[in-house]
Amino acid sequence: MYIPAHFAVDKDAIDDLLAKHGAADLITLTDDGLLATMLPFAYEPSAGEHGTLYGHVARNNDQWRKPARGESLAIVRGPDAYVSPSWYAAKAEHGRVVPTWNYVTAHVYGQLVVHDDPQWVEDVVRRLTAKHETACLASLSQPAAWSVDDAPRKFIEGQLRAIVGLELQITRIEAKAKLSQNRPVGDIAGIVGGLSARGDDPMATAVEHANTDRVNGEVKV
């Protein structure tokens, strides 16, 4: 991934992205070519030298059956958004502006391990459920979080037999947060305001946070 210095991401931000992300694209190179599946992962930073991603796929998915050649890749995404040059103060000043796209992403490389083991898979299902039910409760008004134990045990056992566990043992991470850090400080307020007016609060917040020090004058550009 091409990562200019002003878009580089530190380890704390990477850990936060991996811990809070929704679904990722898992890509593997096999003897039959590339295979890709979109699926949620649970991140465990303490597992292995660089952490581990845990997930599962349907048993009928060929991706787990076909051995991966070399490293596999999970593409994790944060917020992303189109940025209009009409939001820039620089447009009125000189007009030398063009559209761009802001985004946060991490390319997570690792060795893929398959776990065709219902007990192992159940642990992953419980991790994923706890993670996303907690996030759901934080954003919506719900009476209680759903638990795996809320469903009949025989039903759960049948569902577990229909999926296979995946473990991506992370070998390296390339992460990038392109959040208008390369724009003049005078343009930031317009970008944040434009995104907010469009209803894209996550990206507006990300841009504001990424440029706080610059806007406050702690970094001169």
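Since the structure is predicted, the reported quantities are computational estimates derived from the model, not experimental observations.
V97 is connected to V192 through a chain of hydrophobic side-chain contacts under 4.5 Å among Ile, Leu, Val, Met, Phe, Trp and Tyr, so both are in one cluster. Put simply, W101 and V76 are part of two different groups of oily side chains (I, L, V, M, F, W, Y) that touch within less than 4.5 Å, one to the next. Taken together through direct or relayed side-chain contacts under 4.5 Å among Ile, Leu, Val, Met, Phe, Trp and Tyr, Y103 and F7 form parts of separate hydrophobic clusters. The cluster map of Ile, Leu, Val, Met, Phe, Trp and Tyr, joined by side-chain heavy atoms under 4.5 Å apart, puts L39 and I170 in the same cluster. No single ILVMFWY cluster, assembled from side-chain heavy atoms under 4.5 Å apart, contains both I75 and M1.
Side-chain contact between L18 and F41 is absent, with no heavy atoms from C-beta onward closer than 4.5 Å. Using a 4.5 Å heavy-atom threshold, the side chains of K131 and R127 count as separate. Side-chain contact between L17 and V9 is absent, with no heavy atoms from C-beta onward closer than 4.5 Å. Annotation: side chain of P85 is not in contact with side chain of V98 (no heavy-atom distance under 4.5 Å). The shortest distance between side-chain heavy atoms of D15 and Y43 falls below 4.5 Å. The side-chain heavy atoms of K176 and P4, taken from C-beta on, include a pair separated by under 4.5 Å. You'll find the side chain of E174 reaches within 4.5 Å of the side chain of I3, heavy atoms only. Contact annotation: the side chain of D31 approaches that of R69 to within less than 4.5 Å [non-hydrogen atoms, C-beta and beyond].
Proximity of a side-chain donor or acceptor of R65 to a complementary backbone N or O of R59 within less than 3.5 Å is detected. Here the side chain of S196 pairs no donor or acceptor atom with the backbone of D201 at under 3.5 angstrom. A side-chain donor-acceptor contact under 3.5 Å links T52 to the backbone of A47. Side-chain atoms of E133 do not come within 3.5 Å of backbone N or O of A145 as any donor-acceptor pair. In terms of modelled atom types and a separation under 3.5 Å, the side chain of T171 and the main chain of Y109 share a donor-acceptor contact. A donor-acceptor distance shorter than 3.5 angstrom exists from the side chain of Q181 to the backbone of L179, with no hydrogens or angles considered. For the pair Q63 (side chain) and V57 (backbone), a donor-acceptor distance under 3.5 Å is absent.
Across every non-hydrogen atom of H132 and P40, the tightest pair is NE2-CB, 4.1 Å. Across A74 and L168, no two heavy atoms sit closer than the pair CB-CD2, 3.8 Å.
A donor-acceptor pair shorter than 3.5 Å can be found between the side chains of S86 and S84. S180 and N211 share no side-chain donor-acceptor pair at under 3.5 Å. Side chains of N61 and T37: a donor-acceptor N/O pair is present below 3.5 angstrom, by distance only.
How far CD of E71 is from CD1 of I27: 13.0 Å, rounded to the nearest 0.5 Å. Between the CD1 atom in I156 and the CG atom in D149 there is a gap of 8.0 Å [rounded to 0.5 Å].
A salt bridge between D80 and K178 is absent, with no side-chain N of the basic residue lying under 4.0 Å from a carboxylate O of the acidic one.
A parallel orientation is assigned to the rings of W120 and H115, their planes being inclined by less than 30° (bins at 30° and 60°).
For H6, the NE2 atom is densely surrounded, since the number of other residues' heavy atoms within 6.0 Å is greater than 12.
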